[in-house]
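Read the structure below first, then the notes.
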Amino acid sequence: MAAALPRNGDLADQLELLADLSEILGEQPFRVLAYRRAAARIRDTAASVAELALAGTARELPGIGKTIEAKIVEAVESGEMQALSRRRAQVPGEVASFMRLPGLGPKTAARIWRELGVTTLAGLREAAERQRLRALPGFGQKSEEKILRALAEGAAAGEPRRGLLGSGLPLLREVVEALRAHPAAVEVSEAGSVRRRKETFRDLDVIATAADPAALTAHFVALPWVLEVVAHGDSKATVITKQGLRLDLRVAAPESYGDLLQHFTGSKEHNVALREEAQRGGLSVSEYGVTVSETGEVRTFRDEESLYAFLGYAFIPPELRESAGELEAARTGTLPHLVELADLKGDMHCHSSWSADGRASIEEMARAAAARGYRFLCLTDHSHSLRDGRIEAQWEEIAAVNERVAPFRVLRGVEANITAKGDVDLADEVLEQLDWVVASLHTSFDRSPTERILAAIESPHVDCIGHLSGRRLSRRRGADVDVERIVARAAETRTALEINAQPERLDMRDVHARLAGEAGVLVPVDSDAHTTQALAYAELGIGQARRAWLTKDQVLNTRTWAQIAKMRG
DNA sequence: GCCGTTTTCGGCCCGACTGTTTTCAGTCG
C-alpha cells in the first residue's frame with residue numbers, strides 16, 4: 001500500500017505557514033491572501049485535496065489555481081512544499097509564532113527579528129523585560145506590557161482555545177433574554193459563529209437596537225456572570241464571563257439593524273464574497289448600510305431579508321453562510337429548504353442504564369423522548385453491556401415499557417463496537433433480531449479505520465455507522481477515514497451515516513454530512529444521549545445538518561418508525 | 001496567486017480600534 005496521502009488539514013497548515021512566513025518576509029500581500037484563501041478552501045473540502053491535485057482537478061476548487069495545485073503535488077510527493085521549505089530556511093523557527101500574540105502582526109514580528117535580532121519566544125520575553133522593544137518606532141511601554149502579559153498566559157504556545165457550541169449557545173441565550181428584559185432594548189439577537197451553529201467558537205456575539213444604547217451597554221457590563229469588562233462604550237462593549245468566555249455586544253440604530261446583524265453573523269468569508277460581488281455591481285456593503293458607488297446614496301435595512309433581497313439574493317439561513325456555494329444558490333433560487341428541529345420524529349441512538357455509562361431507565365428515556373414530541377426511540381445500549389443473555393432480559397423490559405408508553409414506541413437496538421479487526425462484536429443470531437444496529441469505532445482509531453468501517457457497512461445487519469471519525473472536539477482529532485469511499489459504499493448498501501449531536505463530537509462534521517447527503521445517504525440526527533436531558537442535544541445536531549445543507553427528506557428520523565420500516569422493506 | 005455578465009490585466013471587503021501619534025500604520029474581526 002502506498003504511503004498515506006497528506007490530510008486536507010495538513011495541506012492547509014502548510015499553506016497557512018507559507019502565508020505567515022511570506023508575510024514576515026514582506027512579500028506581495030495578495031499572494032499571501034491567496035495562500036490563506038486556498039488553505040481555508042482546502043480545510044472545508046470533503047474530498048481528499050491531495051488526490052484531486054494528483055488527478056489535476058484540485059484547480060477546479062475556487063481559490064486554487066495551477067500554481068497552488070502544483071505546490072500541493074509537491075507536498076504529496078516530497079512531504080513539503082518547496083516554497084515553504086525555502087522560507088523556513090530564511091526565517092528562524094519561532095519568529096512565525098510571534099504572530100500568535102495579540103496585537104502583534106507580521107510587520108512587527110519581522111522588525112523584532114531583523115532590527116533587534118530576537119528569534120525565540122524566550123528572547124522576546126527578555127527583550128520586553130529589558131525594555132528593548134520600545135527602541136522600535138511605534139513601540140512603547142504599553143506594547144511591551146501587552147506582550148509580557150500574553151507570553152505569561154501562554155498565548156503563543158498553540159492554537160487559541162475555542163469553546164464548544166453546546167456550552168456557548170445556552171449562555172448566549174441567557175444573555176439575549178437578559179438584554180431583552182431591559183426597558184431600553186428594542187430588538188436583541190444572537191450573532192457570530194454561534195448563530196451559524198458552528199461547532200466551536202472563539203467569542204459570543206450579541207446584537208441589539210435600543211432606545212437608549214448607553215443604558216443597554218451599561219446593563220450588559222453589569223450582568224451577574226460578568227467577571228471583567230474589557231471595553232465599554234455607548235454602542236459596543238466586551239466582557240469576560242466567569243467561565244472565561246468572551247462576550248461582545250453591539251448596539252445599532254433600528255433602521256440599520258439588518259445590516260449590523262448580517263455583518264456580525266459572518267462568516268468573514270461569506271461577507272468578503274458577498275461584498276466582492278456587490279462591488280462588481282457598483283455597491284459597497286458595510287455594517288452600516290449599502291452605498292451606491294455612483295451616487296453616494298446609502299441604503300439601510302431593518303432586517304436581513306430585505307438586505308439580501310436588495311443585493312439580489314434569497315434569504316440565506318445563517319448556517320449556510322460559509323462561502324460554500326450559498327451565494328450562487330441564493331441568486332438562482334436553488335437554496336435547499338433546510339431540515340428543522342421540529343421535523344424530528346424520533347432519536348435513533350441513545351443509551352439507558354443498561355449501558356455502564358447510561359443514567360436513566362428505559363422508561364425514563366422513553367417518556368422524556370415522548371415529552372419532546374417524538375414518536376419513537378431506538379434504544380442502542382453498548383454491545384459489551386448486553387452480553388451473557390442480558391440482551392434478552394433487556395428486550396423483556398422494552399416490551400413491558402412499550403405497553404406502558406404506547407403509542408410511543410421503543411425499538412430494540414444496539415450500539416455495537418467495530419473491533420480492531422473490523423468485526424462487529426455481536427453474533428449474527430443476535431443482530432438479526434434487532435430493529436436497529438449502529439456500529440461505531442471506539443478504539444484503535446489509527447488501525448485501518450476506513451477498512452474497518454467498510455467491513456461493518458458490508459454486514460447485512462448493520463443499519464448505521466455511529467460517530468464516523470470518533471473525534472472529540474478540542475481533545476482528540478478523529479480517525480483519518482476516507483469519507484468519500486465510505487459515503488459511496490454506504491449509498492450503495494443503503495447504510496445510514498449519523499450526525500452524532502454530542503457537543504464534543506458533532507460527528508460527521510458538516511462538509512462530510514453534506515457529501516453524504518449529496519450521495520443519497522440518509523443521515524439520522526442522533527443525540528447519543530446517556531441521560532434524559534441529553535436528548536436535547538438533537539438541536540446541535542440539527543444545526544450541523546443545516547450546515548450540511550440537509551433537507552427534511554435527507555434526515556432519516558424525520559419519519560415515523562412505521563415509515564422507516566416500510567422504506568427498509 | 002486567483003479571477004472575470006464591465007476585465008486574460010488589473011483589480012483583490014470594509015470599518016474600527018490601538019498605540020503612538022500630529023496624520024497614521026498595523027492589527028483585528
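Here is how names work: the chains are called A, B, and so on, in the same order as the sequence lines, proteins then strands, and each is numbered from 1.
Classified by interplanar angle (parallel below 30°, tilted 30° to 60°, perpendicular above 60°), the ring pair A/Phe301/A/Phe310 is tilted. The aromatic rings of A/His182 and A/His219 are tilted relative to each other, their planes meeting at an angle between 30° and 60°.
When the P atom of B/dC3 is taken as reference, atom CZ of A/Phe30 falls 15 Å away, rounded to whole Å. Put simply, CZ on A/Phe264 is 12 Å from P on B/dG15, counting in whole angstrom units. To the nearest angstrom, P of B/dC2 lies 16 Å from CZ of A/Arg36. In this structure, A/Glu16 places its CD atom 16 Å from P of B/dG1, rounding to the nearest Å. Rounded to whole Å, atom C1' of B/dG11 lies 17 Å from atom CZ of A/Arg31. The nearest whole Å value for the distance from the CG atom in A/Asp203 to the P atom in B/dC28 is 14 Å. Between A/Glu277 atom CD and B/dT6 atom P the separation is 10 Å, expressed in whole Å. Atom CG of A/Asp259 and atom P of B/dC14 are 14 Å apart (whole Å).
Under the 3.5 Å distance criterion, with hydrogens and angles disregarded, no donor-acceptor pair is assigned to the side chains of A/Ser267 and A/Arg196. A/Thr238 and A/Asp248 are linked by a side-chain donor-acceptor pair at a separation below 3.5 angstrom, with hydrogens and angles left out of the test.
Taking only side-chain atoms of A/Ala34, from C-beta outward, the nucleotide of B/dG1, B/dG19, B/dC17 with the closest atom is B/dG1. Here B/dG15 is the nucleotide among B/dC12, B/dT27, B/dG15 with the atom lying nearest to any side-chain atom of A/Glu287. Among B/dC13, B/dG1, B/dG29, the nucleotide with an atom closest to any side-chain atom of A/His263 is B/dG29. For A/Ser286, the listed nucleotide lying nearest its side chain is B/dC14; candidates were B/dC14, B/dC13, B/dT18.
Residue-to-nucleotide proximity on DNA chain B shows that, of A/Lys142 and A/Leu33, the 5′-proximal contact is made by A/Leu33. Mapped onto DNA chain B by nearest heavy atom, A/Gly282 and A/Arg37 fall at different nucleotides, with A/Gly282 at the one closer to the 5' end.
The shortest distance between the side-chain N/O atoms of A/Ser284 and the OP1/OP2 oxygens of B/dC13 is not below 4.0 Å. OP1 or OP2 of B/dG1 has at least one side-chain nitrogen or oxygen of A/Lys71 nearer than 4.0 Å. Remark: A/Arg246 is not in phosphate contact with B/dG29, judged by side-chain N or O atoms under 4.0 Å from OP1 or OP2. Proximity of A/Lys107 to the phosphate of B/dG26: a side-chain N or O atom is located under 4.0 Å from OP1 or OP2. Between A/Ser143 and B/dT20, a side-chain N or O to OP1/OP2 separation shorter than 4.0 Å is present. Between A/Thr108 and B/dT27 there is a side-chain N or O to OP1 or OP2 distance below 4.0 Å. Within the structure, every side-chain polar atom (N or O) of A/Arg275 is placed at least 4.0 Å from both OP1 and OP2 of B/dC13. Within the structure, every side-chain polar atom (N or O) of A/Gln279 is placed at least 4.0 Å from both OP1 and OP2 of B/dG11. Residue A/Tyr288 places at least one side-chain N or O closer than 4.0 Å to OP1 or OP2 of B/dA16.
The separation of B/dT27 from B/dT20, taken at their P atoms, amounts to 14 Å, rounded to a whole angstrom. Rounded to whole Å, the separation between the P atoms of B/dG10 and B/dC17 comes to 37 Å. Straight-line distance between the P atoms of B/dT23 and B/dC28: roughly 25 Å, to the nearest whole Å. With C1' as the reference atom, B/dA25 and B/dT21 are 10 Å apart, rounded to whole Å. Across the P atoms, B/dG19 and B/dT6 are found 44 Å apart, a figure rounded to whole Å. When the C1' atom is compared between B/dG4 and B/dC14, the two are found 22 Å apart, to the nearest whole Å. Using P as the reference atom, B/dC12 and B/dT7 are 16 Å apart when rounded to the nearest Å. Look at the P atom in both B/dC3 and B/dT8: the space between them is 16 Å, to the nearest Å.
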Run A/Ser143 and A/Arg134 through side-chain hydrogen bond (donor to acceptor under 3.5 Å, both in side chains) and show every step you take. CA-CA 8 Å; A/Ser143 314; A/Arg134 63 185 69 176; over 6 Å; no
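Among the heavy atoms of the strands, none lies under 4.0 Å from A/Pro29. Among the protein residues, A/Glu269 comes within range of no part of the nucleic acid, since none of its heavy atoms lies under 4.0 Å from any strand. Within the nucleic acid shown, A/Arg280 comes within 4.0 Å of at least one base atom, counting heavy atoms only. Among the protein residues, A/Leu104 comes within range of the sugar-phosphate backbone only, with heavy atoms under 4.0 Å from sugar or phosphate atoms but none that close to a base. A/Lys268 comes within contact range of at least one nucleobase, with a heavy-atom separation under 4.0 Å. Contact annotation for A/Val32: no contact, since no heavy-atom pair falls under 4.0 Å across all strands.
We find that the ring of A/Phe139 and the base of B/dT20 do not stack by the test of centres under 5.5 angstrom and planes tilted less than 30°.
For A/Arg202 against A/Arg246, the heavy-atom pair with the smallest separation is O-CB, 4.5 Å. Residues A/Ala314 and A/Tyr308 come closest through the heavy atom pair O-CB, 4.0 Å.
With both pairing distances under 3.5 Å, B/dG4 is matched to B/dC9 as a Watson-Crick or G-U wobble pair.
For A/Glu174, the CD atom is densely surrounded, since the number of other residues' heavy atoms within 6.0 Å is greater than 12.
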